[in-house]
Amino acid sequence: MATAPNGLANAVTEARKMQDMQMVKMNQQLAEIREILALLPGQLRQMERNIDRNIEQTLRRELSRYEKNNIARIHNSRLSDETHHLEPFYNMQGEEIQGFPETSRDISRMNAAGVNALLRQLGLAENGGLENKKTRLRRHIGLMVL
């Protein structure tokens, strides 16, 4: 009979050891969580800086494109002959549009695919007939009469 109380005492001791091990493991996990949480404010600040930098770069690129296109629009609005050289525009990525017509006369000669490609690069609607699209393009780039 002496072994039964010893066995029960051993079982209680083992149960306490298991509880203690679980507590140690939980404390380790809690310490790891605290370490991770301590890093979050710095990571959030870095993410905020990255977002701010990306917004600033996008704004600069957009303003630059917008300014360049406005300057080109002013230049083009002063042309008095359909053979005078057009100032090219910049696409939505801020790059000079490849295949931009050199003169107003070149716009007159463009087919629907060419006009649609220019409208798309300028971020303009592509709906309507060919002459309506050409008029939309001409107005956008500053040509009022030509």
Side-chain angles (χ1 to χ4, degrees), residues 7-146:
L8 185 58
N10 287 341
V12 168
T13 302
E14 289 300 313
R16 285 187 182 145
K17 285 181 184 177
M18 287 177 60
Q19 285 178 338
D20 289 345
M21 286 174 40
Q22 287 177 341
M23 287 299 286
V24 167
K25 187 174 182 178
M26 286 173 49
N27 282 334
Q28 288 173 340
Q29 289 174 337
L30 186 58
E32 290 173 9
I33 291 171
R34 285 183 177 142
E35 287 177 21
I36 291 169
L37 289 175
L39 296 174
L40 282 178
Q43 291 174 342
L44 288 173
R45 280 191 299 277
Q46 182 61 42
M47 286 174 59
E48 184 178 6
R49 283 191 294 269
N50 289 343
I51 289 169
D52 287 346
R53 189 176 318 115
N54 288 340
I55 289 171
E56 184 177 325
Q57 288 171 348
T58 300
L59 284 173
R60 281 189 181 152
R61 184 178 60 242
E62 278 299 303
L63 283 175
S64 176
R65 178 186 72 85
Y66 184 75
E67 289 170 346
K68 288 176 185 177
N69 284 349
N70 276 338
I71 291 168
R73 190 175 287 114
I74 291 168
H75 170 84
N76 294 341
S77 71
R78 296 172 188 244
L79 299 179
S80 60
D81 187 88
E82 65 177 7
T83 61
H84 290 161
H85 178 75
L86 291 173
E87 191 65 29
F89 268 58
Y90 292 78
N91 63 21
M92 303 303 286
Q93 290 73 40
E95 301 161 344
E96 188 174 312
I97 295 175
Q98 298 300 312
F100 193 84
E102 290 188 29
T103 66
S104 176
R105 181 178 288 165
D106 292 338
I107 295 173
S108 300
R109 297 176 180 159
M110 292 178 76
N111 62 21
V115 174
N116 284 342
L118 282 175
L119 293 173
R120 192 174 315 113
Q121 289 187 70
L122 291 166
L124 300 174
E126 298 176 48
N127 61 322
L130 181 57
E131 289 309 311
N132 287 340
K133 293 176 185 184
K134 288 180 181 182
T135 300
R136 184 178 310 124
L137 174 62
R138 288 175 187 281
R139 284 187 181 150
H140 185 74
I141 65 172
L143 297 173
M144 299 302 171
V145 178
L146 303 176

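Values reported hereafter were calculated over all heavy atoms of this structure, with side chains retained and with hydrogens, waters and symmetry mates removed. Just so you know, these numbers come straight off a predicted model, no measurement behind them.
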Who are the side chain to side chain donor-acceptor pair (under 3.5 Å) partners of E131, not counting sequence neighbours?
none
What is the distance from atom CG of L30 to atom CE of M23, rounded to the nearest 0.5 Å?
9.5 Å
Just wondering, do K68 and E87 contact through their side chains at under 4.5 Å, heavy atoms?
no
Q98 atom CD, over 12 foreign heavy atoms within 6.0 Å
no
In chain order, what residues pass the side chain to side chain donor-acceptor pair (under 3.5 Å) check against R78, with sequence neighbours excluded?
none
If we ignore angles and hydrogens, is there a donor and acceptor under 3.5 Å between the side chains of N10 and E14?
no
Please answer whether the main-chain N or O of M110 pairs with a side-chain N or O of K134 as donor and acceptor at a distance below 3.5 Å.
yes
Please report the closest heavy-atom contact between L130 and A112, naming both atoms and the distance.
CD1-CA, 3.6 Å
Check the pair T13 / K17 against side-chain contact (heavy atoms from CB on, under 4.5 Å), numbers first and verdict last.
CA-CA 6 Å; T13 302; K17 285 181 184 177; 4.0 Å; yes
May I ask you to test the L122-L137 pair for a side-chain heavy-atom distance under 4.5 Å?
yes
Kindly say whether I141 contributes a backbone atom to a donor-acceptor pair with the side chain of N76 at under 3.5 angstrom?
yes
Given the rule in the side-chain contact (heavy atoms from CB on, under 4.5 Å) test, do R34 and L37 qualify, once you have shown the distances and angles that lead to the verdict?
CA-CA 5 Å; R34 285 183 177 142; L37 289 175; 5.5 Å; no
Check step by step if side-chain contact (heavy atoms from CB on, under 4.5 Å) holds for Q43 and Q46.
CA-CA 5 Å; Q43 291 174 342; Q46 182 61 42; 5.6 Å; no
Report yes or no: does D106 contribute a side-chain atom to a donor-acceptor pair with the main-chain N or O of T103 at less than 3.5 Å?
yes
d(E95 CD, I97 CD1) to nearest 0.5 Å is 10.0 Å
If we only count heavy atoms from C-beta on, is the I107 to L118 side-chain gap below 4.5 Å?
no
R73 side chain to H140 main-chain N or O, any donor-acceptor pair under 3.5 Å?
yes
Would you name the heavy atoms of L119 and R136 that are closest together and state the gap between them?
CD1-NH1, 3.9 Å
Residues N69 and Y90: closest non-hydrogen pair is OD1-N, 2.7 Å
Testing the basics here: between F89 and A72, what is the closest heavy-atom pair and its distance to 0.1 Å?
CE1-CB, 3.6 Å
Taking everything shown except E48 itself, do over 12 heavy atoms lie less than 6.0 Å from its CD?
no
Within the 3.5 Å criterion, strictly below it, is a donor on Q19 or R16 matched to an acceptor on the partner's side chain?
no
Applied to residues 107-122, the side-chain hydrogen bond (donor to acceptor under 3.5 Å, both in side chains) test, sequence neighbours excluded, yields S108-R138, N116-K133, R120-E126
